[in-house]
Peer 1: 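Have a look at the structure that comes next, please.
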Amino acid sequence: MKHTHQSYDRKKLAYKLITTSALLAIGFAVMTGCSNSGEAKSTAPTKAETVTSPASSTDQNTDLNTNGQGSTSTSTSTSTHQEPANSTATPHSKHSPAAAIFSAAKQGTLPNLPKGLGLGTSSDLLFELWGKSESGSTGPMRSYAKYHTDIMLDGSDKVTEITSSDPEYKKLLIKQIVDDLGQPTETVDTSRDIPDTAEANYTINNTSGLSYNLVFSYQTKTQKVNYIRLYFNSKTP
């Protein structure tokens with residue numbers, strides 16, 4: 001009986017050991033699971049930081065690209081704010097000398113003339129403005145060397161033609177004129193009368209129904225303007 005009881009005790013002890021081992025294994029598994037979960041949780045921020053880092057890099061690249069695009073836009077804008085500013089390259093630019101001459105010619109005058117003097121002005125007003133001419137007061141021609149201008153009168157003693165060799169006009173090149181005003185209505189070779197010269201003739205019609213001829217005489221070799229002539233178109237009624 002003692003042997004049987006001891007055998008029973010051993011079996012009971014073995015069962016307890018197995019049960020204890022099983023409980024320990026389950027406990028260890030639970031602890032391991034919690035540990036892994038904790039590691040996963042602790043790892044999540046690390047992953048978030050890993051993801052965040054490229055995002056920050058992307059933001060920096062975006063800023064750099066934006067800066068780059070800004071520079072291009074400025075260059076284009078600058079590029080867009082320097083073209084209007086270059087008057088000699090813009091046809092009919094309001095800031096170019098040629099355009100100023102053209103605008104004045106549409107009014108029957110030239111930029112270097114005093115207010116009131118132009119095509120159609122009477123000889124009396126001409127005398128009031130500039131006084132007696134060097135060529136005298138007889139005949140159709142009035143020459144004013146002081147003002148670099150010759151004026152032609154018609155039969156009724158009114159200004160019908162103005163020729164000016166103002167120093168400012170002589171600084172111009174015919175290329176500047178053509179670039180600003182376009183191709184002339186007519187180009188005339190005047191080299192037979194004055195060697196190496198030609199004339200660019202522009203016909204101008206104003207809002208009053210009057211028609212004028214604006215002529216630029218220039219040197220064919222240097223392209224420099226010699227003088228400007230403005231007169232009534234013979235076809236004007």
Side-chain angles (χ1 to χ4, degrees), residues 77-121 126 129-130 141-153 158-236:
S77 176
T78 300
S79 174
T80 303
H81 284 292
Q82 288 173 351
E83 199 169 297
N86 188 358
S87 61
T88 58
T90 307
H92 302 289
S93 169
K94 294 180 180 180
H95 304 290
S96 72
I101 294 170
F102 187 86
S103 179
K106 289 186 71 174
Q107 306 303 318
T109 185
L110 293 174
N112 68 305
L113 302 180
K115 185 177 180 180
L117 178 54
L119 298 180
T121 299
L126 174 60
L129 293 171
W130 277 356
M141 178 69 75
R142 299 289 187 273
S143 294
Y144 295 90
K146 179 180 178 180
Y147 303 108
H148 313 283
T149 304
D150 293 329
I151 292 178
M152 184 74 70
L153 302 177
K158 291 186 176 181
V159 176
T160 187
E161 183 178 304
I162 303 169
T163 303
S164 176
S165 56
D166 189 279
E168 291 300 315
Y169 300 156
K170 291 187 175 183
K171 294 178 182 179
L172 301 174
L173 300 177
I174 193 62
K175 183 181 183 302
Q176 292 175 281
I177 305 300
V178 174
D179 283 347
D180 282 351
L181 304 184
Q183 291 299 321
T185 307
E186 182 183 17
T187 301
V188 180
D189 182 4
T190 57
S191 59
R192 291 184 179 181
D193 299 324
I194 305 175
D196 303 319
T197 62
E199 291 181 348
N201 189 342
Y202 290 86
T203 300
I204 301 174
N205 299 312
N206 68 10
T207 55
S208 301
L210 297 175
S211 181
Y212 308 126
N213 285 332
L214 177 63
V215 178
F216 295 88
S217 173
Y218 63 95
Q219 301 174 31
T220 54
K221 289 185 177 180
T222 64
Q223 299 290 296
K224 290 184 177 181
V225 171
N226 295 318
Y227 59 80
I228 297 174
R229 177 178 294 130
L230 179 67
Y231 60 94
F232 281 114
N233 190 333
S234 60
K235 297 180 181 180
T236 301

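Residues: numbered from 1 along the sequence shown. Because the structure is predicted, anything quoted here is derived from the model rather than measured.
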Peer 1: Applying ring-ring contact (aromatic ring centres under 6.0 Å, His included), name anything that partners Tyr231, two or more places apart in sequence or on another chain.
Peer 2: none

Peer 1: Find the distance between OG (Ser96) and CG (Leu172) and round it off to the nearest 0.5 Å.
Peer 2: 9.0 Å

Peer 1: Could you tell me whether a side-chain N or O of Thr203 sits under 3.5 Å from a main-chain N or O of Thr185, the two making a donor and an acceptor?
Peer 2: no

Peer 1: Enumerate, atom names and distances included, each donor-acceptor pair closer than 3.5 Å involving a side-chain atom of residues 100-117, sequence neighbours excluded.
Peer 2:
{"residue": "Thr109", "atom": "OG1", "partner": "Leu117", "partner atom": "O", "Å": "2.8"}
{"residue": "Asn112", "atom": "OD1", "partner": "Tyr169", "partner atom": "OH", "Å": "2.7"}
{"residue": "Asn112", "atom": "ND2", "partner": "Ser164", "partner atom": "OG", "Å": "3.1"}

Peer 1: Between atom CG of Leu119 and atom OH of Tyr212, what is the distance when rounded to the nearest 0.5 Å?
Peer 2: 6.0 Å

Peer 1: Could you pull out all residues at least two apart from Asp193 that satisfy side chain to side chain donor-acceptor pair (under 3.5 Å)?
Peer 2: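 By the side chain to side chain donor-acceptor pair (under 3.5 Å) rule, Asp193 matches no residue at all.
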
Peer 1: To the closest 0.5 Å, what do you measure between CD1 (Ile162) and OH (Tyr227)?
Peer 2: 14.5 Å

Peer 1: Quick one: side chains of residues 215-222, donor-acceptor pairs under 3.5 Å with protein atoms, not counting sequence neighbours, listed by atom name and distance.
Peer 2:
{"residue": "Ser217", "atom": "OG", "partner": "Asn226", "partner atom": "ND2", "Å": "3.4"}
{"residue": "Gln219", "atom": "OE1", "partner": "Thr222", "partner atom": "OG1", "Å": "3.0"}
{"residue": "Gln219", "atom": "NE2", "partner": "Asn226", "partner atom": "OD1", "Å": "3.1"}
{"residue": "Thr220", "atom": "OG1", "partner": "Asp196", "partner atom": "O", "Å": "3.2"}
{"residue": "Thr222", "atom": "OG1", "partner": "Lys224", "partner atom": "N", "Å": "3.4"}

Peer 1: For Thr163, give me all partners under side chain to side chain donor-acceptor pair (under 3.5 Å), at least two apart in sequence or on another chain.
Peer 2: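 Once residues adjacent in sequence are excluded, the partners of Thr163 under the side chain to side chain donor-acceptor pair (under 3.5 Å) criterion are Arg229.
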
Peer 1: Write down the atom of Ala98, the atom of Gln176, and the distance for their closest heavy-atom approach.
Peer 2: CB-O, 4.5 Å

Peer 1: Holding to side-chain contact (heavy atoms from CB on, under 4.5 Å), I want the full list of residues that pass it with Lys158, two or more places apart in sequence or in another chain.
Peer 2: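 Testing Lys158 for side-chain contact (heavy atoms from CB on, under 4.5 Å), a comparison that skips the adjacent residues, returns Asp154, Ser156.
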
Peer 1: If I compare all heavy atoms of Leu126 with all of Ile151, which pair ends up nearest, and what's the gap?
Peer 2: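 So the two residues come closest at CD1-CD1, 3.6 Å.
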
Peer 1: Would a 4.5 Å heavy-atom cut-off, applied to side chains only, mark Asp166 and Thr149 as touching?
Peer 2: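 Counting from C-beta outward, Asp166 and Thr149 never come under 4.5 Å.
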
Peer 1: Should Leu173 and Val225 be marked as a side chain to side chain contact (heavy atoms under 4.5 Å, CB included) after you check the CA-CA gap, both sets of side-chain angles, and the distance that decides it?
Peer 2: CA-CA 6 Å; Leu173 300 177; Val225 171; over 6 Å; no

Peer 1: For the backbone of Gly182 and the side chain of Asp179, can you confirm whether one donor and one acceptor N or O come within less than 3.5 Å of each other?
Peer 2: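 Checking the backbone N and O of Gly182 against the side chain of Asp179, no donor-acceptor pair under 3.5 Å is found.
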
Peer 1: Under the salt bridge (Lys or Arg N to Asp or Glu O under 4.0 Å) rule, collect the residues that match up with Glu168, sequence neighbours excluded.
Peer 2: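 With neighbours one apart ignored, the set is Lys171.
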
Peer 1: Can you list everything that forms a side-chain contact (heavy atoms from CB on, under 4.5 Å) with Met141? Sequence neighbours excluded, please.
Peer 2: Ser143, Asp150, Met152

Peer 1: Mind listing the closest non-hydrogen atom pair of Gly118 and Val159 along with its distance?
Peer 2: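 Closest heavy-atom pair between Gly118 and Val159: O-CB, 3.4 Å.
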
Peer 1: With sequence neighbours left out, what residues match Asn201 under side chain to side chain donor-acceptor pair (under 3.5 Å)?
Peer 2: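 So Asn201 forms no side chain to side chain donor-acceptor pair (under 3.5 Å) with any residue.
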
Peer 1: Under the rule for side-chain contact (heavy atoms from CB on, under 4.5 Å), what residues qualify as partners of Thr190, not counting sequence neighbours?
Peer 2: Val188, Thr197, Glu199

